[in-house]
Peer 1: 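Starting off with a structure, shown below.
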Amino acid sequence: MSEQVESLIRKEYAAGFHSAIESDTLAPGLDEDTVRFISAQKQEPEWMLEWRLKAYRAWREMAEPTWAHVHYPEIDFKSISYYSAPKSMKDRPKSLDEVDPELIATYEKLGIPLHEQAALAGVAVDVVFDSVSVVTTFREKLREVGVIFCPISDAIREYPELIKKYMGSVVPQKDNFYAALNSAVFSDGSFVYIPKGVRCPMELSTYFRINELNTGQFERTLIIADEGSHVSYLEGCTAPMRDENQLHAAVVELVALDDAQIKYSTVQNWYPGDKEGKGGIYNFVTKRGVAHKNARISWTQVETGSAVTWKYPSCILKGDNSVGEFYSVALTNNFQQADTGTKMIHLGKNTRSTIVAKGISAGRSNSAYRGLVRINPTAEGARNYTQCDSLLIGDRCGAHTFPYIETKNASAVIEHEATTSKVSDDQLFLCQQRGLDAEKAVSMIVNGFCREVFKELPMEFAVEAGKLLEVSLEGSVG
Amino acid sequence: MLDIHELVAKVEGKQILNGLNLSIKPGEVHAIMGPNGAGKSTLGNVLTGRAGYDVVSGDVTFNGKNLFELEVEERAREGVFLAFQYPVEIPGVSNMEFLKASVDARRKHLGLPELSSFDFMKLARECSQKVSLDPAFLKRGVNEGFSGGEKKRNEIMQMMLLEPRLCILDETDSGLDIDALQVVAAGVNAMRDSARSFIVVTHYQRLLDFIVPDYVHVLANGRIVRTGDKELAKELEAKGYGWLEKEGV
């Protein structure tokens with residue numbers, strides 16, 4: 001069986017090509033001049049530079065966290081290039097026709113519809129290539145209903161009041177080591193503002209791609225849903241196959257004002273490294289949202305990529321009756337390591353949170369769920385339900401669960417359920433006896449295991465996620 | 001259709017089948033009875049290619065093909081079906097999705113186009129009604145939370161959908177009340193025709209009142225020690241297996 005499982009897990013990384021795009025890449029290294037350079041490249045106002053420098057100075061005093069259940073060689077932050085932009089982006093194209101055809105081809109290879117006519121599915125896309133946002137579709141159409149969807153570098157220049165008010169309001173510059181680094185050197189990312197009472201007419205999405213060698217990607221996303229508004233947002237990520245590890249340290253901040261709803265979905269497929277564990281992306285990400293009165297924030301993530309993942313999309317349930325949700329599938333294969341989960345901080349009265357985390361481990365990989373549920377003294381009548389399931393494929397992988405529950409209000413009701421199971425020989429045999437081949441059988445069993453999470457994804461991406469799992473698992477049985 | 005010649009097989013290093021011979025023609029129903037540990041379930045598992053059941057020697061041809069040269073799923077697609085004694089659960093995978101994939105795999109093998117979802121649903125509803133399963137079962141996870149009887153009826157429903165050539169029923173009667181037993185038997189009888197054969201493995205003669213076999217074989221110590229017709233089953237019910245087991249040594 002384990003031999004059978006073995007061969008199903010083997011599969012090449014489909015998004016692992018590198019595009020021959022000329023780029024301006026900053027020499028590796030990090031000091032105040034690097035920060036100034038990036039800020040100047042973005043033609044940022046002085047206050048933004050000061051904000052970055054404050055973060056940089058704080059970062060210098062901070063230490064890398066070591067508490068996660070992951071192991072990797074020390075990262076030399078001086079050997080990374082902190083800025084890379086495709087050359088043709090110097091005068092950013094006004095429309096898709098002006099975009100480097102090689103870049104368009106790259107996104108076509110990834111199956112991402114950039115052409116507006118191809119995007120009839122009704123998805124507005126922002127594309128971040130290495131350090132810059134290269135194109136944002138449907139920007140005008142969204143503007144008609146007052147929705148702002150643009151690169152964050154544009155937003156800093158065009159909507160300074162919103163940026164000053166909200167950037168860093170959820171994830172402060174000094175929040176943690178990687179967030180501080182991001183605050184100092186972030187190069188681009190997406191900005192979304194949904195005005196009062198508006199239901200965003202289409203899915204918004206951002207695709208991130210690391211292309212250049214030895215570059216890190218530090219994007220920053222800020223989504224503000226004003227009172228009573230509603231938005232669904234999806235991000236996808238890929239990178240070429242490289243023998244060297246590459247660093248990705250993003251920050252995502254969500255602000256859901258009174259009665260607003262934000263649904264944030266991620267399909268993360270960064271390069272996971274090869275079968276021997278060489279290369280791959282180090283994915284150290286800080287994602288957090290604040291939900292005001294009656295607001296709802298829902299995180300859904302499907303994590304199949306990266307060599308190391310360190311990521312805890314969290315909700316601060318500040319307003320009374322606010323709701324936080326976290327639905328996660330994390331699949332690790334070969335030598336991948338994932339330490340992921342969530343934090344639900346209950347501050348308001350009658351706040352509710354739901355956590356459904358599914359971990360799938362194959363090969364020699366390790367996946368850990370780490371979750372914190374904190375009920376503050378003010379959170380009268382808070383509820384949490386946590387369900388945490390692990391599925392093992394083969395006998396050399398590991399699954400770990402680290403739940404933390406802190407409750408300071410006696411009226412809280414907290415439920416925690418956890419299961420660990422294996423794809424059993426009996427299940428495989430049943431499927432094969434009914435004529436299904438082993439690979440199809442495993443992918444069906446794994447998809448069944450993830451069903452509760454997939455049903456939270458926007459329809460078109462649920463299909464994508466199912467296929468991604470299939471590809472990531474191919475070769476794990478045979 | 002099926003010829004088993006001097007079959008010797010091991011399970012976890014222990015020899016369970018010791019030179020078993022059995023020949024089945026199209027349309028025949030063969031009952032296999034015998035004491036615990038005689039190798040009854042092993043036979044079904046060896047024929048379908050379950051991991052852990054190792055063939056030591058002997059050969060089996062199925063419709064002219066060497067069965068042991070085929071993978072598990074290929075045997076299934078050729079029309080060998082095993083109704084499980086203990087069907088496993090596959091949480092989250094809907095019965096419908098699972099069954100459609102199975103039916104399509106078999107149809108593809110036969111050179112037929114896949115069924116449309118509409119046609120499949122129609123067929124699946126018909127089959128579920130024949131075994132008195134609420135069609136709502138089709139939407140539930142495979143065997144997830146099914147009672148013992150529901151699981152067995154679900155197995156028979158799968159058999160109806162897949163229309164196999166050779167059906168192996170591994171103690172399908174175990175744990176069934178008399179009503180469920182009759183439903184299962186009616187399902188099997190409805191499928192009997194001149195081209196389809198059955199191997200019915202059972203402990204009890206009772207099932208054979210409903211599914212009347214052409215032959216009854218007694219398996220003891222890994223070999224067939226006695227063959228007769230349905231009257232043999234009644235004799236066994238009265239006298240037990242002890243007298244035959246001694247002969248089989």
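Every chain is numbered from 1, with letters handed out A, B, ... down the list of sequences. Excluded from the calculations below are hydrogen atoms, water molecules and symmetry mates; all remaining heavy atoms, backbone and side chain alike, are included.
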Peer 1: Only pairs of heavy atoms separated by less than 4.5 Å count here; which of A:Arg434, A:Met444, A:Glu452, A:Arg451 has the most with chain B?
Peer 2: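 Top count of heavy-atom pairs under 4.5 Å with chain B: A:Arg434.
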Peer 1: Testing the basics here: between A:Gln433 and B:Leu82, what is the closest heavy-atom pair and its distance to 0.1 Å?
Peer 2: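 Nearest pair, atom of A:Gln433 first, then B:Leu82: OE1-N, 3.0 Å.
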Peer 1: Nearest 0.5 Å, please: how far is CZ in A:Phe429 from OG1 in B:Thr48?
Peer 2: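 With rounding to 0.5 Å, OG1 (B:Thr48) is 3.5 Å from CZ (A:Phe429).
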Peer 1: Restricting to non-hydrogen atoms, name the atom on B:Arg77 and the atom on A:Leu436 that form the minimum distance, rounded to 0.1 Å.
Peer 2: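 That would be NH2-C, 4.1 Å.
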Peer 1: May I ask you to name which of B:Asp104, B:Val80, B:Val88, B:Leu162 has the most heavy-atom pairs under 4.5 Å with chain A?
Peer 2: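 Counting heavy-atom pairs under 4.5 Å, the top option is B:Val88.
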Peer 1: Quick one: what part of B:Gln158 sits under 4.5 Å from any heavy atom of chain A, side chain, backbone, both or neither?
Peer 2: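 Only the side chain of B:Gln158 comes within 4.5 Å of chain A.
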Peer 1: By the definition side-chain contact (heavy atoms from CB on, under 4.5 Å), identify the one residue from B:Glu74, B:Glu73, B:Arg75 that meets it with A:Gln432.
Peer 2: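 Going through the options one by one, the only one that passes is B:Glu73.
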Peer 1: Under a 4.5 Å heavy-atom cut-off, does chain A meet the side chain of B:Val103, its backbone, both or neither?
Peer 2: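 No part of B:Val103 comes within 4.5 Å of chain A.
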Peer 1: Examine whether an atom of B:Ile90 lies under 4.5 Å from a heavy atom of chain A, and if so say whether it belongs to the side chain, the backbone or both; otherwise answer neither.
Peer 2: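 For B:Ile90, backbone and side chain are both near chain A.
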Peer 1: Quick one: of B:Val142, B:Leu99, B:Val93, who has the most non-hydrogen atom pairs under 4.5 Å with chain A?
Peer 2: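 The option with the most such pairs is B:Val93.
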Peer 1: Could you walk me through whether A:Asp426 and B:Phe84 satisfy the side-chain contact (heavy atoms from CB on, under 4.5 Å) test, starting with their C-alpha distance in whole Å, then the side-chain angles of each, then the deciding distance to 0.1 Å, before giving a yes or no?
Peer 2: CA-CA 10 Å; A:Asp426 289 348; B:Phe84 288 88; over 6 Å; no
Peer 1: Can you find a pair of side-chain heavy atoms, one from A:Ser424 and one from B:Glu89, that are under 4.5 Å apart?
Peer 2: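 No - every pair of side-chain heavy atoms lies 4.5 Å or more apart.
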Peer 1: Select one option (side chain, backbone, both, neither) describing which atoms of B:Tyr86 are under 4.5 Å from chain A's heavy atoms.
Peer 2: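 Contact with chain A is absent: no heavy atom of B:Tyr86 under 4.5 Å.
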Peer 1: Taking everything shown except B:Lys100 itself, do over 12 heavy atoms lie less than 6.0 Å from its NZ?
Peer 2: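 More than 12 heavy atoms, drawn from other residues, nucleotides or ligands, come within 6.0 Å of this atom.
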Peer 1: Under 4.5 Å heavy-atom distance to chain B, tell me which part of A:Asn447 shows up: side chain, backbone, both or neither.
Peer 2: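 It is neither, since no heavy atom gets under 4.5 Å.
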Peer 1: With only heavy atoms counted, which part of A:Cys431 is less than 4.5 Å from chain B, the side chain, the backbone, both or neither?
Peer 2: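 When you check distances to chain B, atoms from both the backbone and side chain of A:Cys431 fall under 4.5 Å.
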Peer 1: Of all the heavy-atom pairs spanning B:Ala76 and A:Gly435, show the shortest one and how long it is.
Peer 2: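 Smallest interatomic distance, heavy atoms only, reads CB-N, 3.5 Å.
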Peer 1: Which atoms of B:Arg50 are under 4.5 Å from chain A, going by heavy atoms: the side chain, the backbone, both sets, or neither?
Peer 2: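 Both parts, heavy atoms under 4.5 Å.
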Peer 1: For atom NZ of B:Lys151, decide whether the heavy atoms of other residues, nucleotides or ligands shown that lie under 6.0 angstrom number more than 12.
Peer 2: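 Enclosed: over 12 neighbouring heavy atoms sit under 6.0 Å from NZ of B:Lys151.
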Peer 1: With a 4.5 angstrom heavy-atom cut-off, is it the side chain or the backbone of B:Asn143 that approaches chain A, or both, or neither?
Peer 2: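 For B:Asn143, side-chain heavy atoms alone lie under 4.5 Å from chain A.
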Peer 1: Is the number of heavy atoms from other residues, nucleotides or ligands within 6.0 Å of CZ (A:Arg352) greater than 12?
Peer 2: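 No, because the 6.0 Å sphere around CZ of A:Arg352 holds 12 heavy atoms or fewer from other groups.
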